[in-house]
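What you see below is based on every heavy atom in this structure, not just the backbone, and it leaves out hydrogens, waters and symmetry mates. Whatever order the structure lists them in is the order used to number ligands and atoms, beginning at 1.
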Amino acid sequence: MRRILIATSNPGKLRDFAGAAVRHGVEIAGVPGFSSLPTVVEDGETFEANARKKAEEYSRYVPGEMVVADDSGLEIDALNGAPGVHSARYAAPDLHNKEPHEADANTDDDANNARVLRELKNVSAAERTGRFVCVLAVARDGKTLATFRGTAEGIILDEPRGTNGFGYDPLFYFPQIGKTFAELTAEEKSKYSHRGAAFRLFLDWCDGSALERRGFGSPLGSLRAADGGKSDILSARARKILKILIWTAGMAFVGFLIGSETTSTGWDLWRDELPPTLFLACIGLLLGWIFSRKISK
Ligand code: ITT
């Protein structure tokens, strides 16, 4: 079963990913030792900037592994897109007398919801439109490989409904099925939510890239092995080395055949045959290296 490493401090997100993963036969795991790693400062101005930063920084702690992180939040049209990227700290002015972008820590869900309700107090039902946004980034060894965006359109209620989920779920009414996100089962949330949508795009990307590589190894190589991916990474390297060796041996053999056309014997034979053999072996090495780089991109 594929294993996907998620970098998040939010247990609600982990539950969402686990719910989405079940539908696709993948296993979700946290980055090992996540709680003792330094916190990444989310100072980006967009969901994408923050998601990339989290995925890149946390992926440095697990060399060779693909790490997924998301940055997400609620955009409310009547509030010009707020709380947006500041969703996790929206109540900072109430609790810490600081603007959300200056706060050092997340504020609790109830306080965030209370601020949303206060800001929307005089906004009519028809104008309470908004969306959840999730940008998911996948990175390896400090470099982002791809990002995926998922959204879910809804209406912000004037009081909370439901006890499942986390964050703004109890205020977010999803007309398509007539429930708030806090009234959904884990399976329903993975089907309709912004996070579920982004996660499906990510899985499609993994499968698409695997096809493109025509069996030479997929970007999910590191996710497939139950040992944390090490065996797949090793086998990819082993395949590379094998290809270089085959090309080198092939060219050396051709060089030997060309060389053995001469009638030399003893030291003369080596003197005559070694230079073309070595020359072709070098070309083989070069071609093998170029070829293996091409297929492992
Ligand atoms: P990590 O950065 O460690 O992943 P976080 O909670 O700080 O955890 P974000 O910075 O992405 O994550 O903030 C997302 C906030 O947006 C989250 O705390 C919720 O308040 C809100 N949010 C995002 N997705 C949500 C969802 O599916 N349901 C309810 N609220 C959500």
Side-chain angles (χ1 to χ4, degrees), residues 5-20 28 30-31 34-59 67-76 79 81-92 95 100-101 103-117 130-139 147 149-154 156-157 160-174 179-186 188-199:
L5 290 185
I6 308 279
T8 182
S9 60
N10 185 329
K13 284 188 185 180
L14 262 188
R15 279 197 305 274
D16 275 8
F17 279 118
I28 292 299
V31 168
F34 185 84
S35 55
S36 56
L37 300 178
T39 309
V40 172
V41 180
E42 297 182 40
D43 51 5
E45 287 181 6
T46 61
F47 292 113
E48 182 176 336
N50 284 332
R52 293 173 82 105
K53 192 173 181 195
K54 287 189 261 190
E56 286 172 14
E57 295 202 15
Y58 288 120
S59 72
V67 168
V68 167
D70 94 37
D71 197 57
S72 46
L74 180 62
E75 288 180 348
I76 301 175
L79 303 179
V85 286
H86 303 304
S87 292
R89 294 161 188 209
Y90 196 44
L95 301 181
H101 68 274
D104 326 305
N106 290 357
T107 45
D108 80 70
D109 291 345
D110 289 343
N112 293 336
N113 283 326
R115 180 168 179 203
V116 163
L117 289 179
R131 70 207 52 76
F132 269 127
V133 179
C134 171
V135 175
L136 192 150
V138 53
T147 61
R149 188 183 177 86
T151 56
E153 298 286 333
I156 315 306
L157 297 182
R161 252 174 61 178
T163 52
N164 300 337
F166 68 99
Y168 300 98
D169 281 344
L171 291 182
F172 189 80
Y173 178 77
F174 191 59
K179 288 179 181 176
T180 68
F181 268 14
E183 294 173 315
L184 304 183
T185 62
E188 285 172 326
K189 187 158 181 202
S190 84
K191 187 168 169 193
Y192 299 113
S193 78
H194 48 312
R195 188 161 295 105
F199 190 68

Exercise for review: Taking the side chain as every heavy atom from C-beta outward, state whether Arg161 and Pro170 have any pair of such atoms under 4.5 Å apart.
Suggested key: no
Revision key, fill the gap. Lining ligand 1 at under 4.0 Å, by non-hydrogen atom distance, are residues Thr8, Ser9, Asn10, Lys13, Asp16, Glu42, Lys54, Asp70, Asp71, Ser72, Gly73, Ser87, Ala88, Asn106, Phe132, Phe166, Gly167, Tyr168, Asp169, Lys189, His194, Arg195
Check your understanding: When you measure from the side chain of Asn112 to the backbone N and O of Ala91, does any donor-acceptor pair fall under 3.5 Å?
Key -> yes
Point to revise | Side chain Asp16, main chain Lys189, donor-acceptor under 3.5 Å | key: no
**Study point:** Residues Lys53 and Glu42 bridged, charged N to O under 4.0 Å
**Key:** no
Point to revise | Test of ring centre spacing under 6.0 Å for Tyr168 and Phe181 | key: no
Exercise for review: Give a yes or no on whether Arg149 atom CZ has more than 12 heavy-atom contacts from other residues, nucleotides or ligands under 6.0 Å away.
Suggested key: no
